[in-house]
Amino acid sequence: VLCVAMLLSVMVMGTGAAFTDEDDFSPQYAEAAEVLAGMKVMQGYDDGSFLPQRNITRAQVATMIYRAATGDVNDTKTDIYKDYDKFDDVQSTDWFAGYVGYCANGELIKGFTPTTFGPNKNVTGYQVLAMILRAVGYDENNEYTGDQWTLRVAATAREQGLLDNLNPDTNLAEPATRELVAQLIFEAIQ
């Protein structure tokens, strides 16, 4: 995380990398997506689009958490973690196995059950926040599990300023969009 924060501090904002669908961004989220794409923590699509309003999966967020936490934005070390068999629904041959394995091994992510992660399920804003907060050192006492975990996640996120620049209409209980996830990760690494 420190490595990524240092990269961000020396990075020139506004890299000039515009997406073909830049008009689809909510105004407050465009910079976050541009910066994370420039850092290679998050990527656009081959056609030059970002698809900011598209929902994002739990495996995709694990990928971004991996890249932000390790600084391995070229994914050169993911094979080390692909055989970490914590979840029955993550096979070592899945494209996301190394990212999920790293995050699970470091307890940055939790499954729906001890053996199921739901890698292809849409991730909610609360789930993204829990993953991010774990990556920066919170939840050592498993306070983000059990009843009312979303309230505890929201309280910590608010205390840390992660929610300050969100669209006021954002419902964190709904599936998160790519632009929302970009904003949350951007806030965390600042």
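Both backbone and side-chain heavy atoms feed into the values below; hydrogens, waters and symmetry mates do not. Note that the structure is predicted; figures quoted are calculated from it, not measured.
Atoms CG and CG, on D88 and D85 in that order, are 8.5 Å from each other to the nearest 0.5 Å. The distance from the CZ atom of F117 to the CZ atom of F96 is 8.5 Å, given to the nearest 0.5 Å. Here the CG-CG distance, from L163 to L129, works out to 6.0 Å after rounding to the nearest 0.5 Å. With rounding to the nearest 0.5 angstrom, the CZ atom of R54 is 8.5 Å from the CD atom of Q60.
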message: Let's go through D164 and R158 carefully: what are the C-alpha distance in whole Å and the side-chain angles of both, what is the deciding distance for side-chain contact (heavy atoms from CB on, under 4.5 Å) to 0.1 Å, and is it a yes or a no?
response: CA-CA 7 Å; D164 291 351; R158 189 170 315 288; 5.5 Å; no
field: Candidate pair I56 and M42, rule side-chain contact (heavy atoms from CB on, under 4.5 Å), full reasoning
entry: CA-CA 12 Å; I56 194 165; M42 196 168 191; 4.2 Å; yes
- request: Show your working on side-chain contact (heavy atoms from CB on, under 4.5 Å) between I109 and I65 and close with a plain yes or no.
  value: CA-CA 9 Å; I109 59 173; I65 298 290; 5.7 Å; no
task: For side-chain contact (heavy atoms from CB on, under 4.5 Å), just list the numbers for F87 and T115, CA-CA rounded to whole Å, side-chain angles, deciding distance to a tenth of an Å, and then say yes or no.
output: CA-CA 4 Å; F87 300 115; T115 59; 5.6 Å; no
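Residue L108 comes nearest to A135 through the heavy atom pair CD2-CA, 3.6 Å, listed as atom of the first residue, atom of the second, then distance. For the pair G44 and F19, the tightest heavy-atom approach, listed with the atom from each and the gap, is CA-CE2, 4.2 Å. Closest approach of D21 and P52 over heavy atoms only: OD2-CD, 3.4 Å. Considering all non-hydrogen atoms of both residues, N74 and K40 come closest at OD1-NZ, 3.6 Å. Heavy-atom minimum distance, P119 versus T57: O-CB, 3.4 Å. Minimum heavy-atom separation, V123 to R58: CB-CG, 3.8 Å.
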Distance-only criterion, 3.5 Å: show the donor-acceptor pairs between side-chain atoms of residues 171-187 and protein atoms not counting sequence neighbours.
unit_1, atom_1, unit_2, atom_2, d
N171, OD1, A173, N, 2.9
N171, ND2, E174, OE2, 3.4
T177, OG1, L180, N, 3.2
R178, NE, F50, O, 2.6
R178, NH2, Q43, O, 2.6
R178, NH2, F50, O, 3.2
E179, OE1, S26, N, 2.8
E179, OE1, Q53, NE2, 3.4
E179, OE2, S26, OG, 2.7
E179, OE2, Q53, NE2, 2.9
Q183, NE2, E187, OE2, 2.6
E187, OE2, N165, ND2, 2.7

Below 3.5 Å, can you tabulate the donor-acceptor pairs from side chains in residues 98-105 to any protein atom, sequence neighbours excluded?
unit_1, atom_1, unit_2, atom_2, d
Y99, OH, D75, OD1, 3.4
Y99, OH, D75, OD2, 2.8

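For D47, the CG atom is densely surrounded, since the number of other residues' heavy atoms within 6.0 Å is greater than 12.
The pair D139-R134 meets the salt-bridge criterion, since a charged nitrogen lies less than 4.0 angstrom from a carboxylate oxygen.
Screening residues 130-157 for ring pair (Phe, Tyr, Trp, His ring centres under 6.0 Å), with sequence neighbours left out, gives no hits.
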